[in-house]
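Report on the structure given below.
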Amino acid sequence: MEKIIIIGGVAAGATAAAKVRRLSADAQITILEAGADISFANCGLPYYIGGDIKSRSKLILQSPESFNDQYQTTVHIHTTATAIDRVNKVVHTADSRTGKKNQFEYTKLILAQGGKPIAPPLPGADQDHVFQLWTLEDMDKIDSFITKKQPKTAVVVGGGFIGLEMTEALAKRGMKVSVVEMMPHVMGIMEAEISGFIQEELTAYGVDLYTNKALSEIHANTVLLNDGTKISADMVLLSIGVRPTLKLAQEAGLEMGPAGGILVDSTLKTSDDDIYAAGDMIELEHRVLDKKVRIPLAGPANRQGRIAAENALGKRHEYKGSIGTSIVRVFEAVAGITGISLKAARKEGIDADAIVIHKENHTSYYPGAELVTVLVVYDKKTGIVLGGQTAGYAGADRRLDVLATAVASKLTVSDLADMDFAYSPPLGNANDAINMAAYVAENRISGFSPALTVNELDTYLEGKDALWIDVRDVFSFEKSHVEGAVNIPLEVLLPSLNKLNKNRLTFVYDQTGKKGHQALRTLVGAGFTNVINVSGGFISLSNYVRAVEPLNFVLNLPVPEAKKIGETDADEKAKDSKEAVKVVKEEVTSGPLIVDVRTEEEYEYGAYPGAINIPLDELEYRASELQDKDRKIILYCASGARSAYAVQILASLGFTNSENGGGLAKMMSRYRNMAK
């Protein structure tokens with residue numbers, strides 16, 4: 001009979017025990033857990049503190065009794081493994097409550113002790129208002145402190161996954177929250193422009209960010225940073241990383257790897273043939289880098305627990321490694337990463353590039369469409385997808401899973417370009433954001449559309465004199481633009497080319513990158529020799545600037561519009577729409593009447609001076625407001641398409657002198673020429 005001892009529960013350990021029992025009816029299974037809980041949803045802890053999860057009991061997945069009932073497994077909690085006698089195959093333990101010592105024999109041993117939060121030796125870190133979050137007990141202490149003490153301010157140290165999830169939770173509990181992060185931006189594993197999207201959301205919800213700074217002291221109601229900054233802090237959460245629990249394995253003489261974890265082979269066997277390991281303790285093969293790394297994530301830990309159990313019972317199931325797919329939601333904003341970043345790829349000597357696109361998560365004409373950002377890292381020679389990152393308010397998770405599949409399967413960008421995705425107007429696009437990202441990557445690889453991500457661009461610009469052309473509409477340009485850029489909307493770009501130097505380094509950008517590509521092709525077709533499109537356009541530029549201060553260009557951005565917890569974007573839009581409803585009652589004057597047939601929302605953003613707004617859908621029953629059917633009427637919209645229909649509608653109603661003015665850009669160009 002096999003005697004399987006598993007040291008550690010939760011993700012890898014509990015999963016391993018369950019798998020052993022499913023494979024063997026007669027194996028003797030024992031779990032030794034140092035803490036009070038054998039199996040709980042540790043990823044759910046911040047959401048209980050924040051109030052999203054109402055019932056604490058839902059976080060408890062198994063008790064020692066229920067685990068024994070279901071899997072006939074003996075569970076010893078509050079039991080610390082103190083030593084492994086590898087020769088006699090015995091684990092020595094001590095009860096953390098009573099000090100009582102015990103020992104357990106094994107035929108196979110599975111180590112699943114995970115890791116522990118890093119506790120920095122800071123002055124004041126031992127005070128009662130300073131916390132870490134790792135266990136149910138930690139969660140209970142935090143929840144009790146908030147309930148009893150009613151803190152008004154909180155400082156979260158560390159801008160990683162748990163830190164940001166707790167930032168939201170504490171804000172939902174009514175606190176003014178500040179985040180302190182040593183890296184240049186939060187979520188340091190992600191590109192700056194992806195992190196910038198998250199940072200904008202944090203700022204909109206009133207969170208103060210202190211990046212490139214470190215905590216130096218903790219006082220009763222304040223913390224002190226290494227640059228002398230003092231921040232109010234009625235409570236402090238330390239979330240600066242996790243260190244693997246290795247003391248037991250090291251003292252047993254098990255081999256450690258170069259990345260600081262237990263070295264295991266593809267079957268998760270350690271340097272001892274009878275000992276396996278899984279979870280945050282181990283080093284595993286990175287499926288892109290082909291080297292040993294540590295990836296402390298719940299998903300890989302669960303899968304490793306299953307595989308370690310199989311192999312401990314004599315099977316041979318090889319673990320293929322991980323690509324580190326992970327995702328975070330902060331308030332309403334979502335961002336994720338899979339595979340490797342462009343910086344990591346180039347550091348490893350891989351000849352890689354990256355592109356960024358922003359596209360609606362479903363058709364733009366169906367209500368509720370939100371832009372989703374897709375960043376793809378790929379090998380320039382082979383086109384193989386090496387990694388990717390996504391961000392957005394809707395659909396970022398779905399696209400990240402596609403990229404993770406591509407990375408794990410070593411698909412190319414051309415494979416993604418030709419891939420069919422589920423499409424229906426409320427759910428997707430005929431050309432999904434993944435397809436579009438692949439098209440852009442193919443264009444960069446072929447040289448058809450030279451592009452740089454903003455991070456690349458910031459470095460590339462050093463010491464160079466470049467012309468920036470902003471091809472957005474004048475109203476977007478006036479709100480914010482790269483300092484020194486000239487505004488030439490795409491619709492009027494071609495007639496303006498004679499004013500530009502065809503041999504000067506030229507950067508073009510629009511809002512998302514799509515029209516920037518069109519502008520680049522227009523310039524190249526006209527003989528321009530050195531044109532580069534800003535990958536991701538103004539959105540990428542602004543997200544980058546939200547995260548880091550550019551070295552070689554200047555972009556001043558307005559403060560993000562404030563958001564309130566519990567008030568959704570839909571609520572805001574409904575309120576704004578209600579306030580914006582107007583009835584046109586203009587007196588008839590001489591000269592053409594300018595009619596904007598875009599939606600009220602588009603009109604409110606910016607319109608031709610003096611234009612009245614009658615949306616196309618309302619034109620037929622509001623045409624009487626135009627009064628004189630013989631007066632000259634110029635109609636326009638965003639591109640000229642809707643206004644063309646508007647001309648037909650007015651003609652059918654007897655209006656004799658209406659004209660399609662085209663898109664807003666052409667109309668504003670006309671206005672500028674008239675002003676001259």
Side-chain angles (χ1 to χ4, degrees), residues 364-365 469-481 485-500 508-512 514-516 518-519 522-523 526 537-538 580-620 622-623 625-653 655-676:
S364 58
Y365 58 79
I469 302 178
D470 185 324
V471 298
R472 298 174 301 154
D473 64 80
V474 64
F475 303 105
S476 298
F477 180 82
E478 289 176 349
K479 289 180 187 295
S480 182
H481 58 268
V486 296
N487 180 219
I488 310 176
L490 178 63
E491 294 83 353
V492 295
L493 179 61
L494 195 57
S496 307
L497 296 184
N498 58 345
K499 304 174 185 176
L500 305 175
V508 293
Y509 69 89
D510 70 323
Q511 190 68 8
T512 66
K514 183 178 178 181
K515 287 187 176 180
Q518 293 175 255
T522 298
L523 293 171
F538 184 80
V581 173
K582 297 181 179 68
V583 177
V584 177
K585 293 184 179 178
E586 296 281 331
E587 289 186 11
V588 177
T589 58
S590 59
L593 178 64
I594 310 297
V595 180
D596 185 325
V597 298
R598 298 175 300 160
T599 64
E600 290 168 358
E601 186 178 31
E602 292 174 289
Y603 178 74
E604 289 295 316
Y605 186 81
Y608 186 93
I612 63 173
N613 179 223
I614 305 180
L616 179 62
D617 292 338
E618 303 174 14
L619 183 59
E620 190 164 358
R622 290 181 57 187
E625 297 174 23
L626 302 177
Q627 300 178 29
D628 185 357
K629 292 188 175 183
D630 294 323
R631 182 183 179 184
K632 184 172 183 179
I633 300 172
I634 299 176
L635 305 106
Y636 77 90
C637 60
S639 65
R642 281 174 285 178
S643 48
Y645 278 101
V647 170
Q648 296 176 32
I649 290 172
L650 292 185
S652 69
L653 296 174
F655 286 81
T656 61
N657 198 11
S658 59
E659 172 188 316
N660 182 9
L664 177 62
K666 285 188 177 181
M667 290 294 294
M668 292 308 300
S669 178
R670 177 186 299 185
Y671 177 77
R672 285 172 172 173
N673 291 334
M674 288 171 56
K676 292 178 183 178

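In what follows, every heavy atom counts, from backbone to side chain, and hydrogens, waters and symmetry copies are set aside.
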Self-check item: Verdict with reasoning, Leu650 to Val595, per side chain to side chain contact (heavy atoms under 4.5 Å, CB included)
Solution: CA-CA 12 Å; Leu650 292 185; Val595 180; over 6 Å; no
What distance do [X] atom [atom1] and [Y] atom [atom2] have between them, rounded to the nearest 0.5 Å?
| X | Y | atom1 | atom2 | answer |
| --- | --- | --- | --- | --- |
| Phe538 | Asp470 | CZ | CG | 7.5 Å |
| Asn487 | Arg472 | CG | CZ | 7.5 Å |
| Ile633 | Ile612 | CD1 | CD1 | 8.0 Å |
| Ser643 | Leu664 | OG | CG | 10.5 Å |
| Ser658 | Gln648 | OG | CD | 10.0 Å |
| Glu625 | Glu618 | CD | CD | 9.0 Å |

Below 4.5 Å, heavy atoms only, C-beta onward: do [X] and [Y] meet side chain to side chain?
| X | Y | answer |
| --- | --- | --- |
| Ile614 | Leu626 | yes |
| Arg670 | Ile634 | yes |
| Ile649 | Leu616 | yes |

So which heavy atom on [X] is nearest to which on [Y], and how close?
| X | Y | result |
| --- | --- | --- |
| Glu659 | Val647 | C-CG2, 3.7 Å |
| Ser476 | Tyr605 | OG-OH, 3.0 Å |
| Met667 | Ile594 | CE-CG2, 3.9 Å |
| Met668 | Ala607 | SD-O, 4.5 Å |
| Glu602 | Ala638 | OE2-CB, 4.2 Å |
| Ala665 | Val492 | O-CG1, 4.2 Å |

Quiz item: Run the side chain to side chain contact (heavy atoms under 4.5 Å, CB included) check on Lys499 and Val486 step by step: do they pass?
Solution: CA-CA 11 Å; Lys499 304 174 185 176; Val486 296; over 6 Å; no
Quiz item: Around Glu620, counting heavy atoms of other residues, nucleotides and ligands shown, do more than 12 lie under 6.0 Å from its CD?
Solution: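 No.
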Quiz item: Do other residues, nucleotides or ligands put more than 12 heavy atoms under 6.0 Å from the OH atom of Tyr645?
Solution: no
Quiz item: So, Tyr636 side chain and Lys666 main chain: donor-acceptor pair closer than 3.5 Å or not?
Solution: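 No, because the side chain of Tyr636 does not come within donor-acceptor range (under 3.5 Å) of the backbone of Lys666.
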Quiz item: Taking the side chain from Asp630 and the backbone from Asn657, do they hold a donor-acceptor pair closer than 3.5 Å?
Solution: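 Between the backbone of Asn657 and the side chain of Asp630 there is no qualifying donor-acceptor contact (under 3.5 Å).
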Quiz prompt | ring-ring contact (aromatic ring centres under 6.0 Å, His included) involving Tyr608 - partner list, sequence neighbours excluded | solution = Tyr671
Quiz item: Under the criterion side-chain contact (heavy atoms from CB on, under 4.5 Å), which of Val508, Asp510, Leu490 is the partner of Gln518?
Solution: Leu490
Exercise. Carefully, step by step, assess Thr599 and Arg642 under the rule side chain to side chain contact (heavy atoms under 4.5 Å, CB included).
Key: CA-CA 11 Å; Thr599 64; Arg642 281 174 285 178; 4.2 Å; yes
Exercise. For side chain to side chain contact (heavy atoms under 4.5 Å, CB included), just list the numbers for Leu500 and Ile488, CA-CA rounded to whole Å, side-chain angles, deciding distance to a tenth of an Å, and then say yes or no.
Key: CA-CA 11 Å; Leu500 305 175; Ile488 310 176; 4.2 Å; yes
